[in-house]
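The structure appears below as structure tokens.
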Amino acid sequence: MSKKISIIGRGTAGCITALDMSNSGYEVDWYHDSSLPAASVGEGSDLSFPRFLAENLDLNYDTLDKIDGYYKEGIIKDNWGTQNFTHWFNLGSMSLHFNANKFQDFIFETLKSKVNIIDQNVLPQDLKSDYTIDCSGRPQINDEFEIAKYIPVNSAYIRQCSWDYPQFNSTLAIARPYGWVFGIPLKSRCSIGYLFNSDITTIDEINEDWEHILHDYNLVLTEYSTPRLIKFSNYFRKKNFTDKVAYNGNSSFFLEPMEATSINTIIRNNQLAKGIIKGNFNADIQNTSYTNFLKETQDMIMLHYLAGSKWKNEFWDMATFKAQECFKNTFATYPKSALITNKSLTSYSTWNSNSFQQNLKGLDLYKVLNKLRND
């Protein structure tokens, strides 16, 4: 008999989870509250996303318009450390930028005849299924969560730029005086977000820096577009899995979007949940795997701040100090982190061996890391 899986939430995490679980042969009840708009952030991805779409959807190069998908060849990284570089994906590999709203609508339409969709606000404890995966969105942060205390940004100021066609095929990840800026190119627009620390920097200071960004990357703000200010905590759960419930998406974690790790983590959380559902692993083992993965993801983010930037000010002094403390602690408490200083092929969090080596070389970090490891 097929097991019944309940999924809560219609955002990107809920859509990926509903698609994954229904294609894995489970009977799916998918709960969502239509009075609550799904979050539309998170429009970049890594190499795991095209693989997931290929395995789970009838989606190809000719039909990418259904999710406003556009090719992602790598990540342009300017102003970090001592040199500009691009983290290129291998020839024959690519990732995607996509419109989150269109993706969610496409998955909803695809699955409405395959799963039981229920418009109702529910909590995991209300449900009687064999297993529940809560993708309901950002939670109230309490002692059930580990705060990623080293990450130095807590706010994003997001604007939209219009164009007739994409002017670049890679994500932008640009260090700036008050933090860093992401750029996500879609066919008809480019999302630009300034990540910063609102305890240090004001919106007025961010706005003063916009003109430099627009000029440097030949961008024009969309007329009448309304800026979005999002304040956030960086966190993950201390226990993400039990024998009856798992969490995914923002219900599970949020770490700033450096290297677009969220989609991969969502897909991976579902794999860990399926290990419990099938009886192959217990919750304790999966929680350890989850925790190590999120800590490695924090390390990946902090490598960029360890490289620093050409600016010397309150934000960058704080960010660099936090990065140094992060790796001193990581090297002292997590044996696998020794791989970071090793120039032989390896992998770490979502970085495969090629990406790993490109980033450490591009950020020029081997000497700095070895010094911190040996101190």
Side-chain angles (χ1 to χ4, degrees), residues 1-43 45 48-60 63-69 96 98-139 240-252 262-280 286:
M1 180 184 296
S2 175
K3 291 185 177 180
K4 177 179 284 191
I5 309 299
S6 291
I7 297 162
I8 306 172
R10 188 189 179 278
T12 298
C15 288
I16 290 174
T17 301
L19 182 63
D20 192 351
M21 294 297 161
S22 63
N23 284 353
S24 297
Y26 300 115
E27 180 184 351
V28 173
D29 286 346
W30 188 7
Y31 294 86
H32 75 105
D33 185 346
S34 60
S35 68
L36 301 175
S40 60
V41 295
E43 299 186 323
S45 64
S48 66
F49 195 45
R51 290 195 297 269
F52 176 82
L53 295 180
E55 293 169 359
N56 289 277
L57 279 175
D58 185 20
L59 202 64
N60 54 49
T63 54
L64 277 179
D65 282 346
K66 292 181 179 179
I67 61 171
D68 199 10
L96 294 175
F98 65 101
N99 183 311
N101 286 328
K102 284 191 175 182
F103 173 75
Q104 293 163 11
D105 290 344
F106 178 66
I107 299 301
F108 196 76
E109 286 299 310
T110 299
L111 291 182
K112 67 181 183 181
S113 63
K114 300 178 181 179
V115 305
N116 185 26
I117 297 176
I118 305 161
D119 189 346
Q120 183 181 343
N121 193 328
V122 295
L123 298 172
Q125 57 267 31
D126 298 333
L127 306 176
K128 304 298 183 182
S129 55
D130 294 296
Y131 205 80
T132 298
I133 303 177
D134 184 351
C135 310
S136 58
R138 196 176 300 277
N240 196 64
F241 302 94
T242 73
D243 59 354
K244 294 291 291 183
V245 177
Y247 300 87
N248 213 348
N250 287 347
S251 289
S252 168
S262 292
I263 298 293
N264 184 300
T265 308
I266 290 167
I267 294 170
R268 194 172 185 280
N269 277 353
N270 287 331
Q271 293 171 343
L272 294 174
K274 284 190 285 189
I276 297 173
I277 294 166
K278 294 175 182 177
N280 296 332
Q286 304 303 66

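These values consider heavy atoms only, across backbone and side chains, with no hydrogens, waters or symmetry-generated copies.
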Identify which one of L64, D68, L53, I263 satisfies the side chain to side chain contact (heavy atoms under 4.5 Å, CB included) criterion when paired with F98.
-> I263
With P124 as reference, evaluate V245, I133, T242 under the side chain to side chain contact (heavy atoms under 4.5 Å, CB included) test and give the passing residue.
-> V245
Under 3.5 Å, side chain of [X] to main-chain N/O of [Y], donor-acceptor pair present?
X: E27; Y: S2; value: no
X: N56; Y: F52; value: yes
X: K3; Y: I277; value: yes
X: W30; Y: D119; value: no
X: N264; Y: S48; value: no

Distance, nearest 0.5 Å, that separates [atom1] of [X] from [atom2] of [Y]:
X: D130; Y: D243; atom1: CG; atom2: CG; value: 11.5 Å
X: H32; Y: F108; atom1: NE2; atom2: CZ; value: 4.0 Å
X: T132; Y: L123; atom1: OG1; atom2: CG; value: 11.0 Å
X: L57; Y: L19; atom1: CG; atom2: CG; value: 4.5 Å
X: D126; Y: I8; atom1: CG; atom2: CD1; value: 7.5 Å
X: D65; Y: F106; atom1: CG; atom2: CZ; value: 11.5 Å

Less than 4.5 Å apart, any side-chain heavy atom of [X] and any of [Y]?
X: D29; Y: S129; answer: no
X: I7; Y: N248; answer: no
X: K274; Y: Y26; answer: yes
X: F241; Y: N269; answer: yes

Which heavy-atom pair separates [X] from [Y] by the least distance, and what is that distance?
X: D134; Y: S251; value: O-CB, 3.4 Å
X: L96; Y: S45; value: O-OG, 2.8 Å
X: Q104; Y: T12; value: NE2-OG1, 3.1 Å
X: T110; Y: S113; value: O-OG, 4.4 Å
X: Y31; Y: S6; value: CE1-OG, 3.9 Å
X: N101; Y: N99; value: N-OD1, 3.0 Å

Within 6.0 Å of CG in N60, more than 12 heavy atoms from elsewhere = yes
Count the heavy atoms of every other residue, nucleotide or ligand shown that sit under 6.0 Å from NZ of K114, and state whether that count exceeds 12.
-> no
Audit row: D105, R10, salt bridge (charged side-chain N to carboxylate O under 4.0 Å, His left out) steps and yes/no = CA-CA 9 Å; D105 290 344; R10 188 189 179 278; 3.1 Å; yes
